[in-house]
Amino acid sequence: MLALLAQAAPAAAAAANTATDFNVGAELLRVVLSLAGIIGLIFAAGWLSKRLQARTVPGGRRIRCVETLAVGARDRVLLLEAHGKRLLVGAGPGGLRTLHVFDGELPPPEEAATPAAPVPGFAELLHRWKRTP
């Protein structure tokens, strides 16, 4: 029996040595290729997601947000266009409420009719600040 153990010991030691000896280059190549594959899958998923979101209904959208205005910390006024009508809608924590329905086209805003005064440049503002006592 002692002879049997003496023959098994070198075989076990050789098996243990081969289990700990591995090719570092091959493992590094495997890790790099796996990482490249995962990054490629992420880019492919992003491209596919973007491509699927780009599809629209053949008729296009029927509701369009023309303009929004914040009137408070959590309250907004929205100007929506739907089926040729414009709706003024208030949005807040309590929900949505229709404020007014416009029939037909809206007149142009008064601010657009009169040009606004040009904004002074930084140098001019600094010069004004220096002149004030």
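Worth knowing before you read on, the calculation uses all heavy atoms, side chains too, and leaves out hydrogens, waters and symmetry mates.
With hydrophobic clusters built from ILVMFWY side chains whose heavy atoms lie under 4.5 angstrom apart, V66 shares a cluster with L69. No continuous path of hydrophobic side-chain contacts links L78 to F102 [ILVMFWY only; heavy atoms under 4.5 Å]. Cluster membership for L79 and V71, using ILVMFWY side-chain heavy atoms within less than 4.5 angstrom, is shared. By the rule that hydrophobic residues join a cluster once side-chain heavy atoms approach within less than 4.5 Å of another member, F122 and W129 end up as members of one cluster.
Applying the side-chain hydrogen bond (donor to acceptor under 3.5 Å, both in side chains) test to residues at least two apart or on different chains, the pairs with a partner in residues 27-37 are E27-R30. Residue pairs meeting the salt bridge (charged side-chain N to carboxylate O under 4.0 Å, His left out) criterion with at least one partner in residues 64-80, sequence neighbours excluded, are R64-E81.
Other residues, nucleotides and ligands contribute at most 12 non-hydrogen atoms within 6.0 Å of the CD1 atom of I63.
Of the residues T98, V89, L88, the one that meets the side chain to side chain contact (heavy atoms under 4.5 Å, CB included) test with L80 is V89.
Taken from CG in L33 to CG in L28, the straight-line distance is 9.5 Å, to the nearest 0.5 Å. The CH2 atom of W47 sits 8.5 Å away from atom CG of L52, with the distance rounded to the nearest 0.5 Å.
Heavy atoms only, all atoms of each residue included: L125 and P120 are closest at CD2-CG, 3.9 Å.
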